Amino acid sequence: MTIKGGTFSNTKGQMVGAWDNAVTTITAGTFTSATSCISVAGSATVKVKGGTFKHTKVGDVKASADDFILNDGATLSISGGTFTNSKAGCALLYNLGKTTISGNASLKSSGKTGDSVINEGGTLTIKGGTITKSGSENVPLSVYGGTVKISGGTIKATNGWEAIYANSGTLKVTGGKLSVKDNYAITVTSSVTYSIGSGVTFSGISNHGKVNVEE
């Protein structure tokens, strides 16, 4: 299935769901959801190349704390499109599968709490795009197991927190830009396997440093 445009709104369940061996491509359109927008599982594949996606109130239905995009063990690629989440307490993208972010994709969370992107046991590859967290708490990218590889793009925390927090798993950063507001760029625990390459650009770390290691 290919979605090439249109205006869609949703107040219940997920707006775009892909399971089994389904292949769904989104190239354009406006998607406004009070609950989950994209849910992909099983052997399904979802490719997002463009569009506008908003997690917010729809009519009289307030936005729920459902994760806006959920990859539950499938394959997801986001190479374009603008994703925004203003609801606290949920992730804009929750990855337990194989997800790639590239191109000019933009993922922005402004809710008070909740990370923008969470990787929990999956494989997350970031080659481009921008991930931003502007709410007063939490980070643009958190890692709880699995593998995260970053070779490009911008990860930006405008709220005084780190750009990346890694609790467990593997984190490999070879490129891209990590931007913070007077903090460490990355915090890892001692159980994380991590490496930071020379091709990474940092902003806002002058009073701190690149990496903070928690015991």
Side-chain angles (χ1 to χ4, degrees), residues 55 67-69 77-95 99-215:
H55 187 194
D67 297 320
F68 195 55
I69 307 168
S77 66
I78 303 174
S79 59
T82 299
F83 297 80
T84 56
N85 172 39
S86 59
K87 175 64 180 176
C90 60
L92 183 54
L93 167 60
Y94 198 100
N95 181 54
T99 295
T100 300
I101 300 171
S102 63
N104 62 353
S106 175
L107 295 85
K108 299 179 180 180
S109 286
S110 59
K112 178 180 178 181
T113 59
D115 302 321
S116 298
V117 177
I118 298 174
N119 187 76
E120 185 171 350
T123 299
L124 175 63
T125 303
I126 301 174
K127 299 178 179 180
T130 303
I131 301 170
T132 306
K133 173 65 181 183
S134 61
S136 60
E137 299 178 21
N138 298 102
V139 298
L141 172 61
S142 63
V143 184
Y144 292 89
T147 300
V148 173
K149 297 179 180 180
I150 303 170
S151 59
T154 299
I155 301 175
K156 185 176 184 179
T158 63
N159 57 359
W161 287 60
E162 305 95 334
I164 302 172
Y165 172 76
N167 176 270
S168 56
T170 299
L171 173 66
K172 183 177 182 180
V173 187
T174 58
K177 181 178 181 179
L178 304 182
S179 177
V180 296
K181 187 178 179 180
D182 194 23
N183 203 339
Y184 291 97
I186 303 169
T187 289
V188 300
T189 68
S190 57
S191 63
V192 174
T193 300
Y194 74 94
S195 62
I196 312 297
S198 60
V200 186
T201 301
F202 297 89
S203 175
I205 65 170
S206 58
N207 294 323
H208 298 274
K210 297 177 182 179
V211 182
N212 172 40
V213 180
E214 294 181 341
E215 297 299 330

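Only a predicted model underlies this, so the values are computations on that prediction, with no experimental measurement involved. All residue numbers in this chain count up from 1 along the given sequence.
By the side-chain contact (heavy atoms from CB on, under 4.5 Å) test, Lys210 pairs with Phe202, Ile205, sequence neighbours left out. With sequence neighbours excluded, no residue forms a side chain to side chain donor-acceptor pair (under 3.5 Å) with Ser168. Shown here are the side chain to side chain donor-acceptor pair (under 3.5 Å) partners of Thr193, two or more places apart in sequence or in another chain: there are none. Under the side-chain contact (heavy atoms from CB on, under 4.5 Å) criterion, Thr201 pairs with Lys177, not counting sequence neighbours.
Of the possible polar contacts, none joining the Lys112 side chain to the Gly89 backbone as a donor-acceptor pair under 3.5 Å is found. When atom types are taken as modelled, the side chain of Asp115 and the backbone of Asn138 share no donor-acceptor pair closer than 3.5 angstrom. Formation of a donor-acceptor pair under 3.5 Å by the Asn212 side chain with backbone atoms of Thr187 is not found in this model.
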Donor-acceptor list for residues 149-156 side chains, cut-off 3.5 Å, not counting sequence neighbours:
none

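Ser102 and Thr100 share no donor-acceptor pair across their side chains, judged by distance under 3.5 Å alone.
Distance CG/Asn85 to OG/Ser110: 6.5 Å, rounded to 0.5 Å. For the atom pair CG of Leu141 and CD1 of Ile186, the computed distance is 9.0 Å after rounding to the nearest 0.5 Å. Atom CG of Leu107 is separated from atom CG of Leu92 by 5.0 Å, given to the nearest 0.5 angstrom.
Between Val173 and Ile126 there is no side-chain heavy-atom pair separated by less than 4.5 Å. You'll find the side chain of Ile101 reaches within 4.5 Å of the side chain of Leu93, heavy atoms only. Taking 4.5 Å as the limit, every side-chain heavy atom of Asn159 sits out of range of all side-chain heavy atoms of Ser136.
Scanning both residues, Ala91 and Ile118, for their nearest heavy atoms gives CB-CD1, 3.8 Å. Of all the heavy atoms in Ala185 and Glu162, the pair that sits closest is O-CB, 3.7 Å. Here the closest heavy-atom approach between residue Asn183 and residue Gly160 is recorded as ND2-O, 2.7 Å. Closest of all the heavy-atom pairs between Pro140 and Ser116 is O-CB, 3.2 Å.
For residues 129-184, the ring-ring contact (aromatic ring centres under 6.0 Å, His included) pairs, not counting sequence neighbours, are Tyr184-His208.
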- [ ] Could you please spell out the steps behind the side-chain hydrogen bond (donor to acceptor under 3.5 Å, both in side chains) verdict for Ser191 and Thr189?
- [x] CA-CA 5 Å; Ser191 63; Thr189 68; 3.0 Å; yes
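Exactly one of His55, Lys87, Lys133 qualifies for a side chain to side chain contact (heavy atoms under 4.5 Å, CB included) with Ser109. That residue is Lys133.
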